[in-house]
Amino acid sequence: MKMYEKAPAKINLMLDVLSKRADGFHEVEMIMTMVDLADRLELSELKRDSIIISSQAGYIPLDEKNLAFQAARLIKDRYNVKSGVHIHLDKRIPVAAGLAGGSSDAAATLRGLNRLWRLGIPAQELQELGAELGSDVPFCVTGGTALATGRGERLTPIQSPPQCWVVLAKPPINVSTAEVYGRVRANSIAVHPSASRMQAAIEAGDFAAVCAGLGNVLEDVTLKLHPEVQQLKEAMVKLGADGVLMSGSGPTVFGLVSKQSKVARIYNGLRGFCKEVYAVRSLS
Ligand code: ATP
């Protein structure tokens, strides 16, 4: 028996850090949505009791460090499943990019194994399992668009933003999410993006207001560490994107574009100095 799952990338339309908590995590406020850039998972049932991960991508761990492996082990242990699974990851989302590729693979594994092993786990419970694997996993379980609070695991689904093109560019640098959060000083953030204003813009279907409301307080940290991310943002604005922001802790920068006629120019302009560029649709 085989199952297929798509694991889309997420972008943050806004990301605010409110405080640092006693448990070391940060209290955040984020509006996240999915884009049509996705990993593909093939899940094949194994008679023997083991979890095997394979991938065409040479640069991700294939052992228990892989988030899909961790998701499979969690669901197997919790629901006492005796059979095993081979998960093949066709990676298309750039890794360590701020696009939650690993989290989305973990979420797709939870969804896929729920079907493959006919466990009948309700979505809410799958999200709770996801929270044990990482802060972004619960959102990736259901996708759509959501306001995320707490450490990112408390979700309120909201309407999707007006459909548009999303051009993503990942510069060839590695950004450590832990380092970026470690450097954020919540009480010295000058301008906080507004979740309520972004939500209102989305609900009004006002694309210009969505672009105007984009904001990510982690940009200050990552842009200081990596000035090339700032250059990429400036290039995207100059090439005509309607709104530009860094996703998550970076280094991927995305541009929202309403007119298809502008997309090729932005894509080609960025390809001049950045190898990893994608032009995709937002997902509603
Ligand atoms: P986030 O936006 O949630 O911080 P990210 O997009 O920055 O995530 P990922 O692509 O999820 O980062 O990768 C982060 C790290 O996790 C990488 O260093 C990678 O080795 C490891 N990893 C574990 N499992 C996976 C997976 N299935 N796909 C990609 N990376 C994985």
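When a ligand or atom number is given, it counts from 1 through the structure's own listing order. What you see is a predicted model; the values in this text were computed from it and never measured. Residue indices begin at 1 and follow the sequence shown.
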Check: Would you say L99 and ligand 1 have an N/O pair spaced under 3.5 Å apart?
Finding: yes

Next item on the list: Kindly confirm or rule out an N or O of G250 lying under 3.5 angstrom from an N or O of ligand 1.
Entry: no

In the protein, what heavy atom is nearest to [atom], and what distance, to one decimal place, separates them?
{"atom": "atom 29 (C) of ligand 1", "value": "K91 NZ, 3.3 Å"}
{"atom": "atom 3 (O) of ligand 1", "value": "D136 OD2, 3.0 Å"}
{"atom": "atom 16 (O) of ligand 1", "value": "L67 CD1, 4.9 Å"}
{"atom": "atom 2 (O) of ligand 1", "value": "A100 N, 3.1 Å"}
{"atom": "atom 9 (P) of ligand 1", "value": "A96 N, 3.5 Å"}
{"atom": "atom 23 (C) of ligand 1", "value": "K65 O, 3.4 Å"}

Assess whether a salt bridge exists between [X] and [Y], defined as any Lys/Arg side-chain N lying under 4.0 Å from an Asp/Glu carboxylate O.
{"X": "D220", "Y": "R183", "value": "no"}
{"X": "R78", "Y": "E128", "value": "no"}
{"X": "D39", "Y": "K91", "value": "yes"}

Next item on the list: Ignoring hydrogens, just give me the one of V137, N66, I11 whose non-hydrogen atom is nearest atom 25 (C) of ligand 1.
Entry: N66

Which bit of [X] is near ligand 1, meaning a heavy atom under 4.0 Å away: side chain, backbone, both or neither?
{"X": "A97", "answer": "backbone"}
{"X": "L89", "answer": "side chain"}
{"X": "I60", "answer": "side chain"}

Notebook entry, point to check: Is there a donor-acceptor pair under 3.5 Å between the side chain of R115 and the backbone N or O of Y4?
Noted result: yes

Notebook entry, point to check: For the residue pair L133 and L67, what are the closest heavy atoms and their distance?
Noted result: O-CD2, 3.8 Å

